[in-house]
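Only one structure is covered here, and it is reproduced in the block below.
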Amino acid sequence: MTDNESSEQNLRISFEFFPPRTDEGKKKLINIRNEYAKFSPEFYSMTYGAGGTTRTNTKDLVVEYNNAGFSTAPHLSFGGDNNDVIAGLIEEYKAANVDRIVALRGDMPSGLGSSKMVYANELVAFVRERFGDHFHIEVAAYPEIHPESKSYTTDINYLKGKFDAGADSALTQYFFNPDAYFYFMQRCQDAGIDKPIYPGIMPILNIKSLTRFSDACGAEIPRWLRKALEAYGDDQESMRAFAADAVTEFCELLLDNGAPGLHFYTMNQLQPVKTIIDNLGLNK
Ligand code: FAD
């Protein structure tokens, strides 16, 4: 075994799902989850609809997956809920042996935007205060800076605030520009952040929806990549093959330059992420 192979085996991999709405979708996701288990992920995570709109669905799936032996972290934010509701929810997670939480401020669905948002650092402090060290706490990080951020420096300082409040590691928003991550990591280090920050990796499935989503969340699709993807027109199969290669090279660059692992946004699909993992040789 080469050094490279042995260090690849220490990489932390995790997979993110969102809660399906239908029983059919839930059944499909179980099969997908089981396939992903072959890559020995450290954990799966399950998103929480903006403002807590999937509260029960997220909770039920997280509890079910953990009971079945698949370590799954709920994403969690206060949304419009009060301390008692959130404490009760976390209590249920603890009782179900959930040991990891992704703590977020979250966004409010349009129409409910008037509630005061609880920043993620406050949720981290809340979990630590009430539940001690029971949970490994992940938080969100933004190599291209959160869209509402006043400046690069304030965003890094708020990220530091989340670690100071007790977060253990961070998962990033997806991005396609490796320099953004390298610069960000340097700035984090300069700010005294010494906790691992795992790049979030988005497979490219559909250029139109990716562009729309990226505009909203502040992730940049480099011009060369967008143009190259658009050139495939209706030939989605060739576009996806090209995209998988491009994202694979991107992951290689991140890993070769010190990224401690990868967090995959699966979009509840198997093949796009599996292709990238296979290409990377992380399928052992
Ligand atoms: P925060 O860290 O609280 O930051 C929000 C903004 O406020 C930033 O601009 C920051 O600079 C600023 N800020 C932070 N702390 C303070 C403070 N104390 N005082 C003043 N300003 C502050 N959304 C969902 O709805 N459901 C999900 O399941 C979900 N999962 C995600 C998973 C990952 C890995 C990532 C990267 C994002 C996810 N999101 C999810 C999106 C996320 O909820 C939004 O990006 C949201 O706008 C910010 O959440 P946050 O936890 O990063 O907020």
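Hydrogens, waters and symmetry mates are skipped; everything else that's a heavy atom, side chains included, is used.
Salt bridge status for Arg128 with Asp168: present, with a side-chain N to carboxylate O gap under 4.0 Å. Salt-bridge annotation for Glu35 and Lys274: absent, with no side-chain N of the basic residue lying under 4.0 Å from a carboxylate O of the acidic one. We find that Asp23 and Lys27 are not joined by a salt bridge, their nearest charged nitrogen and carboxylate oxygen being 4.0 Å or further apart. A salt bridge does not link Glu220 to Arg226: none of the charged side-chain nitrogens sits closer than 4.0 Å to a carboxylate oxygen.
Side-chain polar atoms of Asp235 and Ser238 form a donor-acceptor pair below 3.5 angstrom. A donor and an acceptor atom, one from each side chain of Asn57 and Lys26, are located under 3.5 Å apart.
Distance NZ/Lys195 to NZ/Lys162: 14.0 Å, rounded to 0.5 Å. Asn177 CG to Phe184 CZ: the interatomic distance, rounded to the nearest 0.5 Å, is 13.5 Å. Once rounded to the nearest 0.5 Å, the distance linking OG of Ser45 with CG of Leu171 reads 6.5 Å. For the atom pair CD1 of Ile221 and CG of Leu210, the computed distance is 4.0 Å after rounding to the nearest 0.5 Å. Summarising the geometry, atom CE belonging to Met239 is positioned 7.0 Å from atom CD1 belonging to Ile207; distances are rounded to the nearest 0.5 Å. The CZ atom of Arg240 lies 5.0 Å from the CG atom of Leu205; values are rounded to the nearest 0.5 Å.
Here the side chains of Phe126 and Ile86 are in contact, with some heavy-atom distance below 4.5 Å. In this structure the side chain of Pro19 never reaches within 4.5 angstrom of the side chain of Asp60, judged on heavy atoms. With a 4.5 Å cut-off on side-chain heavy atoms, Leu11 and Leu262 do not count as touching. No side-chain heavy atom of Phe213 sits under 4.5 Å from any side-chain heavy atom of Ser209. Side-chain contact between Phe78 and Val85 is absent, with no heavy-atom pair separated by less than 4.5 Å. A heavy-atom distance below 4.5 Å is not found between the side chains of Ser40 and Ile13.
In this structure, Met202 is a member of the same hydrophobic cluster as Leu280, with clusters built from ILVMFWY side-chain heavy atoms closer than 4.5 Å. No single ILVMFWY cluster, assembled from side-chain heavy atoms under 4.5 Å apart, contains both Phe70 and Phe18. Note on Met46: it clusters hydrophobically with Val273, by side-chain heavy-atom contacts below 4.5 Å among ILVMFWY residues. Criterion: ILVMFWY side-chain heavy atoms under 4.5 Å apart, direct or through other members. Under it, Val62 and Phe264 are part of a common hydrophobic cluster. Hydrophobic clustering (ILVMFWY, side-chain heavy atoms < 4.5 Å, transitive): Phe131 and Leu104 are in distinct clusters.
In this structure, Tyr152 has its ring center closer than 6.0 angstrom to the ring center of Tyr183. Ring to ring, Tyr232 and Phe242 are close: their centroids are under 6.0 angstrom apart.
Between the side chain of Thr58 and the main chain of Arg55, no donor-acceptor pair closer than 3.5 Å is present. Looking at His263, its side chain never comes within 3.5 Å of a backbone N or O of Gln173 through a donor-acceptor pair. In terms of modelled atom types and a separation under 3.5 Å, the side chain of Glu122 and the main chain of Tyr119 share a donor-acceptor contact. Here the side chain of Tyr36 pairs a donor or acceptor atom with the backbone of Leu270 at under 3.5 angstrom. Counting only distance, with no hydrogens or angles, the side chain of Asp99 and the backbone of His134 share no donor-acceptor pair below 3.5 Å. With hydrogens and angles ignored, the 3.5 Å screen pairs a side-chain donor or acceptor of Thr248 with a backbone N or O of Ala244.
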Please determine whether side-chain contact (heavy atoms from CB on, under 4.5 Å) holds for the pair Asp155 and Leu159, giving the CA-CA distance in whole Å, both sets of side-chain angles, and the decisive distance to 0.1 Å.
CA-CA 6 Å; Asp155 210 37; Leu159 175 60; over 6 Å; no
If you apply the rule side-chain hydrogen bond (donor to acceptor under 3.5 Å, both in side chains), what do you find for His136 with Ser169, and how did you get there?
CA-CA 8 Å; His136 178 113; Ser169 45; 2.7 Å; yes
Can you check side-chain contact (heavy atoms from CB on, under 4.5 Å) on Leu282 and Phe39, steps first, answer last?
CA-CA 7 Å; Leu282 299 177; Phe39 303 126; over 6 Å; no
Apply the test side-chain contact (heavy atoms from CB on, under 4.5 Å) to residues Phe175 and Tyr181: give CA-CA distance (whole Å), side-chain angles for both, the deciding distance (0.1 Å), then the verdict.
CA-CA 8 Å; Phe175 58 102; Tyr181 177 75; 3.3 Å; yes
Using the side-chain contact (heavy atoms from CB on, under 4.5 Å) rule, take Asp107 and Arg105 through it: C-alpha gap first, then chi angles, then the decisive distance, then the call.
CA-CA 7 Å; Asp107 291 314; Arg105 183 201 69 172; 3.1 Å; yes
Given side-chain hydrogen bond (donor to acceptor under 3.5 Å, both in side chains), test Thr211 with Ser214 step by step and report yes or no.
CA-CA 5 Å; Thr211 304; Ser214 301; over 6 Å; no
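Taking the six-membered ring where tryptophan is involved, the planes of Tyr65 and Phe17 are perpendicular, since the angle between them exceeds 60° and thus also 30°. Note on ring orientation: taking the six-membered ring where Trp is involved, the planes of Tyr174 and Tyr265 are perpendicular (angle over 60°, cut-offs 30° and 60°).
In this structure, Glu237 places its CD atom where only 12 or fewer heavy-atom neighbours from other residues, nucleotides or ligands lie under 6.0 Å away. For Lys28, the NZ atom is loosely surrounded, since the number of other residues' heavy atoms within 6.0 Å does not exceed 12.
Note that Arg12 lies in the cation-pi zone of Tyr198, set by a 6.0 Å cut-off to the ring centre and a 45° limit from the axis. For the pair Arg100 and Phe43, the cation-pi test (distance below 6.0 Å, angle within 45°) is passed. Taking the centre and axis of the six-membered ring of Phe15, the NZ or CZ atom of Arg33 falls outside the cone set by 45° and 6.0 Å.
Nearest heavy atoms, Glu16 versus Thr266: O-OG1, 2.6 Å. A pairwise comparison of heavy atoms in Thr22 and Gly25 identifies OG1-N, 2.9 Å as the closest pair. Among all heavy-atom pairs drawn from Thr47 and Thr54, the shortest one is O-OG1, 3.9 Å. The minimum heavy-atom distance linking Pro260 with Ile197 is given by the pair CD-O, 3.6 Å. Across all non-hydrogen atoms, the minimal contact from Gly261 to Pro199 is O-CD, 3.2 Å. Between Ala96 and Asn66, the closest heavy-atom pair is O-CB, 4.0 Å.
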